[in-house]
Amino acid sequence: MDMKSVEIKWQNKWEKDKLYTFNKKNIDKKFYCLEMFSYPSASKLHLGHWYNYGLTDSFARYKKMKGFEVFEPMGFDAFGLPAENYAIKTGVHPETSTLSNIETMEKQLKAMGAMFDWNAEIKTCMPDYYKWTQWLFLKLYENGLAYRKEAPVNWCPSCNTVLANEQVVDGCCERCGTQVIKRNLTQWFFKITAYADELLEKLDELDWPEKTKAMQRNWIGKSYGGEITFETESGDKFNVFTTRADTLFGVTFVALAPEHPLVQKLTTNDRKEAVQKYIEDTSKTDEIERLSTAREKTGVFIGAYAINPVNGKKVPIYAADYVLYSYGTGAVMGVAAHDERDYKFAQKYDLPISVVIRDPNGGNKLPYTEDGYLINSLEFDGLSSEEARKAILNRLNSEMKGNHKINYRLRDWLVSRQRYWGAPIPMIHCEKCGTVPVPYKDLPVLLPKDVEFKPDGKSPLAKCESFMNVKCPKCGGEARRDPDTLDTFVCSSWYYLRYPDNKNEDMPFDPEVINQMLPVDKYVGGPEHACMHLLYARFITKALRDMGYLKFDEPFKSLTHQGIILGPDGFRMSKSRGNVVSPDTYIDTYGSDVFRMYLMFGFDYTAGGPWDDNGIKSIAKFTEKIERLVVKASSYKPLADFEKGEDEKALLFAEAYAIKNVDRDMNSFSFNTAIARLMEFVTAIYKYDALENKNEGLVLKTVETLVLLLAPCAPHFAEELWSILGNKKSVFLQAYPVFDESALVKDEIELAVQINSKVKCKIVVPSNADDELIKSTALLNQNVEKSIEGKQIVKTIIVKGRLVNFIVK
RNA sequence: GCGGACGUGGCGGAAUUGGCAGACGCGAUGGACUUAGGAUCCAUUGGGCAACCAUGCAGGUUCGAUUCCUGUCGUCCGCACCA
């Protein structure tokens with residue numbers, strides 16, 4: 001078969017018939033199947049695209065044939081740095097390159113033969129989309145979930161922009177690998193921490209990979225503890241956060257983060273110089289080194305003392321950079337005897353070590369960081385750590401010196417970017433009125449085209465006077481626009497809400513529609529977004545719910561991550577390694593269906609694995625084999641009444657077995673086994689068809705079943721075969737085959753016979769045989785007879801349909 | 001250090017609730033057809049002559065363990081001075 005022309009033929013037909021356009025009339029049967037949208041890149045679709053989009057499309061087609069009204073949209077995450085960097089290099093405007101890349105990608109995605117509903121397409125860089133991204137920003141602002149503050153932020157000196165915590169990997173920029181530095185800047189944040197608890201709790205009910213849920217749990221990092229107030233001799237108060245209030249009597253020093261404001265205030269004159277030098281030194285140490293656990297703990301005594309609220313003891317205050325200003329209160333109580341880090345610190349600075357927890361196992365190695373029983377803690381002596389944590393915090397609480405407290409590692413999401421190619425932040429700064437939101441009627445704040453975007457650390461928009469100058473919406477006076485753009489993750493945090501209502505000009509989406517279409521029933525994409533996109537999207541959904549726009553709590557009910565296809569050498573594909581497998585050459589040779597089917601067959605979908613050239617040939621052979629069979633069967637007369645002999649029963653069994661298993665496997669993304677079952681089915685049909693006394697109508701019937709089962713996996717090919725069989729309507733408008741339960745019941749079944757749990761032989765019994773018959777049949781077998789000769793059967797275990805096990809002595 | 005996985009033939013990978021380990025395919029070997037074969041078809045293919053032995057290793061639970069439990073080794077991924 002000439003796959004190329006077959007593909008084009010059906011793609012055109014499908015488009016003409018609007019086969020994949022979502023029909024809102026059937027919204028009660030909707031199935032929202034979503035693949036993470038793609039970034040428009042200049043290079044061709046790579047294997048990863050095919051693996052994600054092609055195979056999920058097969059899943060979606062399967063759902064369609066199962067009677068669902070499938071909504072499978074596609075769009076482009078079109079703002080972002082690569083286009084801007086390309087522009088800086090070549091002078092081509094980001095809009096020009098992005099739109100042309102989108103055009104090429106659309107063509108390629110269409111050639112894939114997926115049933116994307118292109119009517120629902122979105123491009124995040126278009127004003128009709130980012131208008132609503134800006135709307136989202138304003139809504140968050142209105143509801144107190146977007147705020148501006150000056151804070152030390154992650155700055156990438158190469159990208160010349162700030163980064164969210166999630167975008168910093170090992171102290172480096174996630175995108176370019178440049179070492180990230182800290183800078184104090186006034187930036188916009190989204191208050192994702194307001195939802196920390198719900199983001200954590202609701203994970204339990206999601207059908208998501210365990211690992212991804214674990215990563216989010218870890219990232220949110222909830223810890224139960226207490227805040228304890230220490231007072232200094234000067235009367236200043238500060239809080240420490242601790243999960244180990246039970247060790248409070250063991251505090252021998254207190255450490256503040258160098259950035260902590262009290263450091264400046266409390267440092268005594270004689271220590272000023274030393275402290276200043278220390279702060280300067282640590283700010284020079286780069287993030288990576290500072291974050292390394294292996295690094296020696298350093299600090300400096302600031303000359304002041306704090307009072308331990310529980311026993312009035314005076315302990316020295318240090319500034320130490322192992323204390324992070326951004327977590328907890330930026331201050332810790334130093335318990336050298338019971339904390340690894342405090343112990344090292346105390347050793348280095350020769351601070352006292354006071355043991356207050358006894359190891360119940362009698363150990364006396366320090367530091368002892370496990371729970372135990374309290375000693376040297378006055379009236380709390382003898383309590384277990386767990387009891388003591390409560391008791392001590394309760395006592396402090398009654399004295400207004402502390403309280404129970406839950407802390408999260410999750411920080412608010414920094415969304416400002418000092419870059420050009422993004423959605424402008426719809427805010428105006430007026431000297432008189434302060435920060436004023438752009439009125440909704442003035443949206444979108446259009447991104448100006450003629451902007452100098454050579455990076456110099458300042459927002460490119462800041463240099464565009466025509467953009468910056470604006471009248472204050474409140475007082476009408478001269479004002480300036482916010483020069484920053486939004487993190488592209490803001491654009492992608494709500495796109496799944498726009499797809500079903502993408503042409504709406506009055507609203508980002510009609511709640512009426514969206515509450516019926518969502519949540520997404522199946523979301524498929526790479527695992528690399530676990531703590532970014534997937535977390536942000538959940539947050540935005542919850543925020544919009546609380547504003548009354550949405551009636552659901554979670555955007556993505558069920559999530560699957562595709563694995564990664566490696567190069568033939570088992571390594572990740574990379575240009576430098578020269579092991580990149582390009583889909584194009586295979587598609588030219590075999591067609592897109594064969595390519596897709598090999599991706600289905602060759603790998604465990606969620607695991608991925610190395611590419612194998614020979615594997616794809618075997619699929620090509622398989623499709624040719626099917627084609628020969630279908631062409632032959634197409635001349636057979638339809639099925640009339642017939643006698644069911646052994647051979648017919650075997651074929652009908654194979655058919656029912658195939659339907660049952662392919663159905664189940666397609667539903668669970670077990671594509672590799674689904675194809676394996678199809679191969680077995682084909683073999684069974686061939687075997688029957690080779691008989692002299694065969695019922696041709698029966699062959700035809702099973703071949704039809706075969707084509708139906710094959711259709712989601714090889715859409716163009718199956719469509720062509722379906723028409724060869726004389727059908728006029730699309731195979732995708734057919735109902736998925738249903739299997740006949742009775743066909744799966746065999747007259748006779750084979751059982752294994754075990755003696756003392758070792759298989760000795762096989763017996764064949766009627767499938768409805770009772771235990772007695774199974775037993776007696778087994779005992780008649782010569783092998784069995786020999787094995788139990790002179791011994792006594794003490795127990796017989798019969799597992800229906802599987803085995804019989806004699807325990808003999 | 002913490003968290004999550006994973007470990008099965010020469011290879012990719014199967015195995016529903018604990019029930020005949022190795023489905024399906026690749027590769028390999030032998031054969032048929034053929035001027036030819038890198039096409040097609042057929043057969044064999046975990047090891048061992050066999051009893052048996054085999055799911056990283058060592059135990060445990062069980063009539064029975066790839067599957068459950070404990071320990072251990074190894075690989076991968078994520079987080080990491082989070083108090």
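For the numbers below, each heavy atom of this structure counts, side chains included, while hydrogens, waters and symmetry mates do not. Remember, it's a predicted structure, so these values are computed and weren't measured experimentally. The chains referred to below are lettered A, B, ... by the order of the sequence lines, with proteins before strands, and numbering in each begins at 1.
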Partner of B/A39 by Watson-Crick or G-U wobble geometry, both contacts under 3.5 Å, or none?
-> none

State whether the distance check finds a donor on one side and an acceptor on the other, under 3.5 Å, for side chain A/K762 versus base B/C20.
-> yes

Donor-acceptor contact present, side-chain A/H260 to main-chain A/G330, <3.5 Å | no

In whole angstroms, the gap separating P of B/A65 from CG of A/N756 amounts to 12 Å

Contact class for A/G608 vs. all strands (heavy atom < 4.0 Å): base, sugar-phosphate, or nothing?
-> sugar-phosphate

What nucleic acid atoms does A/E750 come within less than 4.0 Å of, heavy atoms only: base, sugar-phosphate, or nothing?
-> base

Contact class for A/K660 vs. all strands (heavy atom < 4.0 Å): base, sugar-phosphate, or nothing?
-> nothing

Chi class for B/G9: syn within 90° of 0, otherwise anti = syn

Can you check the A/M215 CE to B/G3 C1' distance for me, whole Å?
-> 10 Å

A/R628 near the nucleic acid: base, sugar-phosphate alone, or nothing, with a heavy-atom cut-off under 4.0 Å?
-> sugar-phosphate

B/A83 phosphate, OP1 or OP2, under 4.0 Å from A/S223 side-chain N/O = yes

In whole angstrom, give me the gap between the P atoms of B/G22 and B/A54.
-> 16 Å

Got a donor-acceptor contact below 3.5 angstrom from the A/N52 side chain to the A/G526 backbone?
-> no

Using Watson-Crick geometry (N1-N3 plus N6-O4 or O6-N4) or G-U wobble (N1-O2, O6-N3), each under 3.5 Å, B/G59 is paired with B/C69

